Amino acid sequence: AISLFGTTGGYVAWGISVLAILSTFNAGIMGGGRLIYVLAREGNLPKWCGKMSLRTGAPVGGIVVLGTLAAISSVVIVTYEWELLAAVVGSAIVSFVYASFMLATIVLRKKQPKARRNFRTPVPKPLQLFVVFLLPAMGLASLFSQANMQLQPAIILAGLIVLASIIAARSRRRVGRAVSVSKASQT
């Protein structure tokens, strides 16, 4: 921006970048806070994580959890100079998450074609399926985009996948026990 628009252009670009970062962080905190609330309500997290503000309806417990985790991880990342590593792994995760959302939407529309929907995409299904496969490919490519990091990003992502799988299996077992107890009490 500086080479095109001078010093003023550099300041404008910097200001726009800061606003984009703040709005993205705010959206992530609010959406993530609701996710934390639901996980706490279902018993997967401590009850205090699901605390809601009676006045605003904001998921206060979830926001505190996410804000604390964001602050801690920011300090760790900056202290150990892991900015690029976090960005590469984060971009791969986002690519997989968006592909999963798109695939889930396609599957739900196939299984429940008559369900009421507020939005119907004008994008043809073959293009949607192409993007479902393109996004993870781009995520994988990002893991190996920095030659000096070698396999470090892929190893970290694999570790995060294993951790998420363990947490999901634990949650399924707990929910399965709760369902069987509920059925037993009904009989």
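All values below were derived from every heavy atom in this structure, side-chain atoms included, with hydrogens, water molecules and symmetry-related copies excluded. This one's a predicted model, so the numbers in the text were calculated from it and none came from an experiment.
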Enquirer: Taking only residues two or more places apart in sequence, or in another chain, which ones meet Ala99 in a side-chain contact (heavy atoms from CB on, under 4.5 Å)?
Expert: Leu135, Pro136
Enquirer: How many angstroms lie between CG in Leu103 and CG in Leu129, if you round to the nearest 0.5 Å?
Expert: 8.0 Å
Enquirer: How does the hydrophobic cluster around Ile167 look, that is, which other residues are in it when side-chain heavy atoms under 4.5 Å mark a link?
Expert: Leu163
Enquirer: For Leu22, which fellow cluster members are found when Ile, Leu, Val, Met, Phe, Trp and Tyr are connected by side-chain heavy-atom distances below 4.5 angstrom, either directly or through intermediates?
Expert: Trp14, Val18
Enquirer: Without placing hydrogens or testing angles, list every side-chain donor-acceptor pair under 3.5 Å for residues 27-38, not counting sequence neighbours.
Expert:
{"residue": "Arg34", "atom": "NH1", "partner": "Gly57", "partner atom": "O", "Å": "3.3"}
{"residue": "Arg34", "atom": "NH2", "partner": "Gly57", "partner atom": "O", "Å": "3.3"}

Enquirer: State, with a plain yes or no, whether a side-chain heavy atom of Arg117 is found less than 4.5 Å away from one of Arg109.
Expert: yes
Enquirer: Per the side chain to side chain donor-acceptor pair (under 3.5 Å) rule, what does the pair list look like for residues 73-86, sequence neighbours excluded?
Expert: none
Enquirer: To the nearest 0.5 Å, tell me how far Ile155 CD1 sits from Leu160 CG.
Expert: 12.0 Å
Enquirer: Hey, could you give me each pair passing ring-ring contact (aromatic ring centres under 6.0 Å, His included) that has a residue in residues 107-162? Not counting sequence neighbours.
Expert: none
Enquirer: Is there a path of hydrophobic side-chain contacts, each under 4.5 Å between heavy atoms of I/L/V/M/F/W/Y residues, joining Ile156 to Leu143?
Expert: yes
Enquirer: Let me have the donor-acceptor pairs involving side chains of residues 87-94, under 3.5 Å, with sequence neighbours excluded, atom names and distances please.
Expert:
{"residue": "Ser91", "atom": "OG", "partner": "Ala87", "partner atom": "O", "Å": "3.3"}
{"residue": "Ser91", "atom": "OG", "partner": "Val88", "partner atom": "O", "Å": "2.8"}
{"residue": "Ser91", "atom": "OG", "partner": "Ser142", "partner atom": "OG", "Å": "3.1"}

Enquirer: With clusters built from Ile, Leu, Val, Met, Phe, Trp and Tyr whose side-chain heavy atoms come within less than 4.5 Å, directly or transitively, what are the remaining members of the cluster of Val12, listed by chain and number?
Expert: Ile16
Enquirer: Would a hydrophobic clustering, with Ile, Leu, Val, Met, Phe, Trp and Tyr connected at side-chain separations under 4.5 Å, put Ile63 with Ile72?
Expert: no
Enquirer: Can you list everything that forms a side-chain contact (heavy atoms from CB on, under 4.5 Å) with Gln128? Sequence neighbours excluded, please.
Expert: Met102, Ile106, Thr121, Val123
Enquirer: Which residue pairs satisfy the side chain to side chain donor-acceptor pair (under 3.5 Å) criterion with at least one member in residues 45-63, sequence neighbours excluded?
Expert: Ser53-Thr56
Enquirer: Does Val162 sit in a hydrophobic cluster with other residues, and if so which ones, taking ILVMFWY side chains as linked at heavy-atom separations under 4.5 Å, directly or through other members?
Expert: Ile166
Enquirer: Return each pair, listed once, that meets side chain to side chain donor-acceptor pair (under 3.5 Å) where at least one residue sits in residues 157-169; pairs must be two or more places apart or across chains.
Expert: none
Enquirer: Measure the CG-CG distance between Asn26 and Leu19 for me, rounded to the nearest 0.5 Å.
Expert: 12.0 Å
